[in-house]
Amino acid sequence: MTSLLEEIITVYPLLSPPTLTTPASNRVCNALALLQCVASHPETRTPFLNAQIPLFLYPFLNTNSKQRSFEYLRLTSLGVIGALVKNDTPEVIQFLLTTEIIPLCLKIMEASSELSKTVAIFIVQKILVDDAGLAYICQTFDRFDAVSNVLKLMIEQLVSNPTVRLLRHVIRCYLRMADNPDARIALKDRLPQNLKDDTFSEILREDVTTRSCLAQLLSLIQQ
Ligand code: TRP
């Protein structure tokens, strides 16, 4: 672990101004791939969290350079967090809620590569699915507002650049937010028009589950 952390810390000076080269990015991403194994394994996950190691990846998530080396670094870092949340362990969500992971994911959902957006929204969705996570996000209007604004922006992006995979996550996030009574009321005026008309009916034609999620969402919002 010391060696892996060393690999990570060595890269920090290359983040700002952005001077990370492809070989340096590949090298740290290899270290991150090993960390992902530690994050995934049930015997090492808890010590990994207790040592707060995910925090070492946040500077990587906080970059905004569009260079490939940075996109790859963000995607691989998200992969480590994605591996943590995959198994719906409340302990993991509890940990993440003590950190600033949500604003970092929101920023990536707004403006990173499609693949990074998918992993970032997967993480947010996993947080929302957890009862404590939903309560946390709906606890203040500002938090709710930040999440719902980014979901809305993603819908706008999906209108011009549709992908079922991202759309599926966005709809599921909205539907889960609607489980919170306050959020449900606030969503009445905030659900994008494109979800209410037939903008996406063509790309959802094959996806019965997502179509039914969307129908459920619209009916909840109308009540
Ligand atoms: N510390 C911020 C807060 O507690 C974290 C945050 C920013 C956040 N934007 C968010 C949390 C959106 C949830 C949703 O509000």
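As the structure lists them, so they are numbered: ligands from 1, and atoms in each ligand from 1.
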Subject >> Worked verdict on S148 versus R190 for side-chain hydrogen bond (donor to acceptor under 3.5 Å, both in side chains) >> reply: CA-CA 8 Å; S148 85; R190 295 165 160 266; 3.2 Å; yes

Original post:
Should we count CD of Q193 as having more than 12 external heavy atoms under 6.0 Å?
Top reply: yes

**OP:** Tell me, yes or no, whether the heavy-atom count around K196 atom NZ, taken from other residues, nucleotides or ligands under 6.0 Å, exceeds 12.
**Re:** yes

Subject >> Any pair counted as side chain to side chain donor-acceptor pair (under 3.5 Å), so long as it reaches residues 124-141, sequence neighbours left out >> reply: D88-K126, Q125-H169, D131-R176, Q139-R143

**OP:** Check whether any side-chain heavy atom of T209 sits under 4.5 Å from a side-chain heavy atom of R172, and report yes or no.
**Re:** yes

Subject >> Side-chain touch F70/L15, heavy atoms, less than 4.5 angstrom >> reply: yes

Note every protein N or O atom lying under 3.5 Å from an N or O atom of ligand 1, pairing the names and giving the distance.
from, atom 1, to, atom 2, distance (Å)
ligand 1, 1 (N), E100, OE1, 3.4
ligand 1, 1 (N), E100, OE2, 2.8
ligand 1, 4 (O), R143, NE, 3.2
ligand 1, 4 (O), R143, NH2, 2.8
ligand 1, 15 (O), R143, NE, 3.1

